[in-house]
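Everything on this sheet refers to the single structure shown next.
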Amino acid sequence: MTFVISGLSVSNGVAIGRALTISSASLEVDHRLIQEGEQEQELKRLYDAFAVAKKELIDLKNSLPEDAPEELGAFLEVHQLILDDPELQKKPIELIKKRRFNAAWALTTELDDLLDTFENIDDPYLRERGADFRQVIERVLVALQGSSSEDKTHLYKKLDRESSDVIIVAQDIAPHDMLRFKELNFCAFVTDLGGKNSHTAIVARSLDIPAAVGVKNASELIEQDDWLIVDGDRGIVIVDPPQIILEEYRHRQAEHRLAKNKLQLLKHTPTKTLDGVKITLMANIEMPEDAQDALAKGALGIGLFRSEFLFMNRLDGIPDEEEQYQAYCQTVISMHGMPVNIRTIDIGADKNLDTAVETITSDISPLGLRGIRWSLSEPDIFLAQLRAILRASAHGKAQILIPMLAQAREIEQTFELITRAKKQLDDRGIAYNPQIRVGAMIELPAAVFILPVFLKHFDFLSIGTNDLIQYTLGIDRADSSVAHLYDPLHPAILSMIYKVIYDCQELGKPVSICGEMAGDSKLTRLLIAMGLTDFSMHASQLLTVKRELLKSDMGKLKQSLRQILITYEPQIQAKLIADLSKI
Ligand code: PEP
Ligand code: MG
């Protein structure tokens, strides 16, 4: 049956494919497509894991003390019966053979289906039996992880999203899982939850695939293998589309591809407005390897390296100074002398570490120990990161960027630690650039109001509009229920951005925007009207923004700015902004 569900568009384009529904349980295991021809080997791993789990159950039962309660023995027998039932392996075997899922993924897919079935049983006693299946499958999963090298041999299929027809459907995807999915071959994704500017959406945008978030109940309404159209332009999902709609969307897909190919022609064109103002376009990255894409799209540097992604998604503790140094070095060297702004760790809100650091016991709220607050509370970890960045500065133009500053005292403490990190390297006789430039993110309203303090201490500023909007309007950027109130054009936001750009330019201090507003081509002319000349965005957005810039006249656009800034009536303001496209 055809039906349409709608949410928020986070990444444009059209994808047509089959649903792969993923639950939070299955997100915890490694997902990868095995190579053609590896099915037999993967099946053997699955069978071996079943055998190990079975042996464990038998050993457990045999080692029960004589006075153990009878229920315990019965419980182990039930688990043994579940494990012996050939039905349990049937679907995972098929998924490995036909869809080339790795064994753990195939098993969790089966687990999700079973849990769904049990949840729909009215009888509470029977419903609870779902837990037995979960425990049995988890036992097999543990055996699988222990076997050969489930987590080590990442024989990922070469990325080829254009020809993939897998569309991920999940209730929610954490940013670090999204990052893991970068390795996978899927052509779009849909989630029940999430806001347009959540870190998950940001990472998805960097993959340049259509996506829709906040599509309420998508993971319940969509079934495994359903045919879907994801219309990323409108944020809608068409389930089980009829032929005629499919054809229309295939046509739109082809148009998108054509437009993308045309954009490639701009790659080497210098970025200048019609009236000759030179604009610097830089890229935002999450991992060192993203720098290649940035270069390929013609970025003139890395305006924001979200270094916290190096710290996430790890079971083996956080990266030490040496490992970070290697990662920063790799990035700096691949950017051939262009600036690389390495933002110090900004965990908290929707980005949390899932690794063992003693002081982190649970998620950090957006108003909690996020960003620089956490770094200052963990001086040893912060110093190690600063030393790693400093060491990388001996190999290229590494620059330090500090997130979430709001207080003069935090600025002082940050510089004290930078000085201490330099001294530690001096004592060890290790080279670094003593003149390394240090910048600050402007992403809290308080920072805008004490701008002179920032201007005094920092070499450059970068406006983080994602958080500036979140903290000014009091809107959780990851919450789809308030996404309609998350308004980059709110007069309070526009006047803050303009104030920062203006004050910086008055003093000749470099300023850029690295929040999502910078990569939204619908806002390019507005930012140019504000006098912005430095933008940083995901590489996938660079050429679209460049196309807009090449058609813009900064001098003329500036003349319309005053009226926009003093218009508080949303409809009139929207019209004034839309009219910029005619200038
Ligand atoms: C921002 O807040 O705009 C920003 C670029 O930082 P992040 O999105 O990583 O919070
Ligand atoms: Mg931020």
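As the structure lists them, so they are numbered: ligands from 1, and atoms in each ligand from 1. Quick note: numbers below take in every heavy atom, side chains included, and nothing from hydrogens, waters or symmetry partners.
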query: Is the closest heavy atom of E516 to ligand 1 under 4.0 Å?
result: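 So E516 does not count as touching ligand 1.
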Lys/Arg-Asp/Glu bridge criterion (N-O < 4.0 Å) met for [X], [Y]:
X	Y	result
D346	R373	no
K522	E548	no
K575	E569	no
R205	E516	yes
D208	K260	yes

Per-atom contacts of ligand 1 with [X], taking only distances under 4.0 Å to non-hydrogen atoms:
X	answer
L304	5 (C)
C514	5 (C)
E443	1 (C), 2 (O), 6 (O)
G515	3 (O), 5 (C)
R370	10 (O)
G464	1 (C), 2 (O), 3 (O)

query: Does the N or O separation between R477 and ligand 1 drop below 3.5 Å for any pair?
result: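 The answer is yes, given that R477 and ligand 1 share an N or O pair closer than 3.5 Å.
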- prompt: Are any of the N/O atoms in T465 less than 3.5 Å from those in ligand 1?
  reply: yes
field: Audit row: K278, D534, salt bridge (charged side-chain N to carboxylate O under 4.0 Å, His left out) steps and yes/no
entry: CA-CA 9 Å; K278 199 170 150 274; D534 290 14; over 6 Å; no
- request: For the Mg ion (ligand 2), report each protein N, O or S atom nearer than 2.8 Å, sorted by chain and then by residue number.
  value: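 Protein N, O or S atoms closer than 2.8 Å to the Mg ion (ligand 2): E443 OE1, D467 OD2.
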- request: Would you mind checking which non-hydrogen protein atom is closest to atom 7 (P) of ligand 1, with the distance to 0.1 Å?
  value: H199 NE2, 3.2 Å
message: Using only atom types and a distance under 3.5 Å, with no angle test, would you say the side chain of H336 pairs donor to acceptor with the backbone of S334?
response: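 Pair found, side chain donor or acceptor close to backbone of S334.
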- prompt: Does any N or O in the side chain of K546 come within less than 3.5 Å of the main-chain N or O of L266, such that one atom is a donor and the other an acceptor?
  reply: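 Looks like yes, one N/O pair under 3.5 Å.
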- request: Determine, stepwise, if the pair L444 / L468 fulfils side-chain contact (heavy atoms from CB on, under 4.5 Å).
  value: CA-CA 5 Å; L444 290 166; L468 191 61; 5.8 Å; no
Result of checking Q326, R391, Q385, Q424 against E321 for side-chain hydrogen bond (donor to acceptor under 3.5 Å, both in side chains): R391
message: Can you check which of L468, D467, I513 brings a heavy atom nearest to atom 10 (O) of ligand 1?
response: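 Of the listed residues, D467 has the closest heavy atom.
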- request: Indicate yes or no: at least one non-hydrogen side-chain atom of R477 is less than 4.5 angstrom from one of I469.
  value: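 No, too far: nothing below the 4.5 Å cut-off.
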Exceeds 12 heavy-atom contacts within 6.0 angstrom, atom CZ of F415: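 Count over threshold, so yes.
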Ligand 1 versus [X]: contacting region, heavy-atom distance under 4.0 Å:
X	value
M441	side chain
N284	neither
R343	side chain

task: May I have all residue pairs that pass salt bridge (charged side-chain N to carboxylate O under 4.0 Å, His left out) and include part of residues 291-303, sequence neighbours excluded?
output: D293-K297
